[in-house]
Amino acid sequence: MQKNFKGSGIDITIEQWSVLYHLWKEEGQSQQQLCEATFRDKPSITRLVDNLEKSILVKCGASKNDRRRNLIFLTKEGKTLEEKTMEVANRT
């Protein structure tokens with residue numbers, strides 16, 4: 001699938017796509033929720049989210065109920081990737 005992403009001009013890794021996939025299903029998840037959904041440890045999710053944030057695909061914000069808890073939200077750019085990447089994933 002990584003090869004197909006590159007061939008389609010999509011510059012994300014499979015690991016990043018898996019995080020985005022879960023955010024497309026439900027935005028505003030915590031890093032812990034993403035750990036559980038993707039079966040990754042906290043350091044891996046932190047690295048993935050940091051890289052997605054640098055790519056302007058997600059943004060982090062403090063929870064209104066618990067300021068110690070960061071929630072992950074899609075940016076406009078992150079939302080627009082859904083259709084294109086799902087087409088590639090389905091072809092794969």
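- Annotation: the span from Thr13 atom OG1 to Gln16 atom CD amounts to 3.5 Å, rounded to 0.5 Å.
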Next on the checklist: I'd like to know whether Leu20 forms a side chain to side chain contact (heavy atoms under 4.5 Å, CB included) with Val58, so could you lay out the CA-CA distance, the side-chain angles of the two residues, the decisive distance to 0.1 Å, and finally the verdict.
Outcome noted: CA-CA 8 Å; Leu20 290 171; Val58 301; 4.0 Å; yes

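- A donor-acceptor pair under 3.5 Å is formed between the side chain of Thr85 and the backbone N or O of Glu82.
- Distance alone, capped at 3.5 Å, places no donor-acceptor pair between the Glu15 side chain and the Leu48 backbone.
- Remark: the backbone N or O of Ile14 is paired with a side-chain donor or acceptor of Gln2 at under 3.5 angstrom.
- Taking the side chain to side chain donor-acceptor pair (under 3.5 Å) definition, one finds that Ser30 meets it with Gln33, sequence neighbours left out.
- Of all heavy-atom pairs between Val88 and Ser8, the closest is CG2-OG, 3.5 Å.
- For the atom pair CG (Leu23) and CG (Leu81), the distance works out to 12.0 Å, reported to the nearest 0.5 Å.
- Each of Met86, Glu87, Lys79 was evaluated against Glu83; a single residue qualifies, Glu87, per the side chain to side chain contact (heavy atoms under 4.5 Å, CB included) test.
- Here the closest heavy-atom approach between residue Cys60 and residue Val49 is recorded as SG-CG1, 3.7 Å.
- Looking at residues two or more places apart in sequence or on another chain, you find a side chain to side chain contact (heavy atoms under 4.5 Å, CB included) between Phe73 and Glu27, Lys59, Leu71.
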Residues 35-43 side chain polar contacts: donor-acceptor under 3.5 Å, at least two apart:
| from | atom 1 | to | atom 2 | distance (Å) |
| --- | --- | --- | --- | --- |
| Glu36 | OE2 | Gln32 | NE2 | 3.1 |
| Thr38 | OG1 | Leu34 | O | 2.7 |
| Arg40 | NH1 | Ser18 | OG | 3.2 |
| Arg40 | NH1 | Thr38 | O | 3.3 |
| Asp41 | OD1 | Ser44 | N | 3.0 |
| Asp41 | OD1 | Ser44 | OG | 2.6 |
| Lys42 | NZ | Gln32 | OE1 | 3.3 |

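- Neither Trp17 nor Ile56 shares a network with the other; the hydrophobic side chains, linked directly or stepwise wherever heavy atoms of I, L, V, M, F, W or Y lie under 4.5 Å apart, form separate groups for each.
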Checklist entry - Could you walk me through whether Leu74 and Leu57 pass the side chain to side chain contact (heavy atoms under 4.5 Å, CB included) check? => result CA-CA 6 Å; Leu74 293 162; Leu57 298 174; over 6 Å; no

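- Taking CD1 of Ile12 as the start and NZ of Lys84 as the end, the distance is 10.5 Å to the nearest 0.5 Å.
- The distance from the CG atom of Asn4 to the CG atom of Asn90 is 11.5 Å, given to the nearest 0.5 Å.
- Here the straight-line distance linking atom CZ of Phe5 with atom CG of Asp11 works out to 11.0 Å at 0.5 Å rounding.
- Looking only at distances, a side-chain donor or acceptor of Ser63 sits under 3.5 Å from a matching main-chain atom of Asn65.
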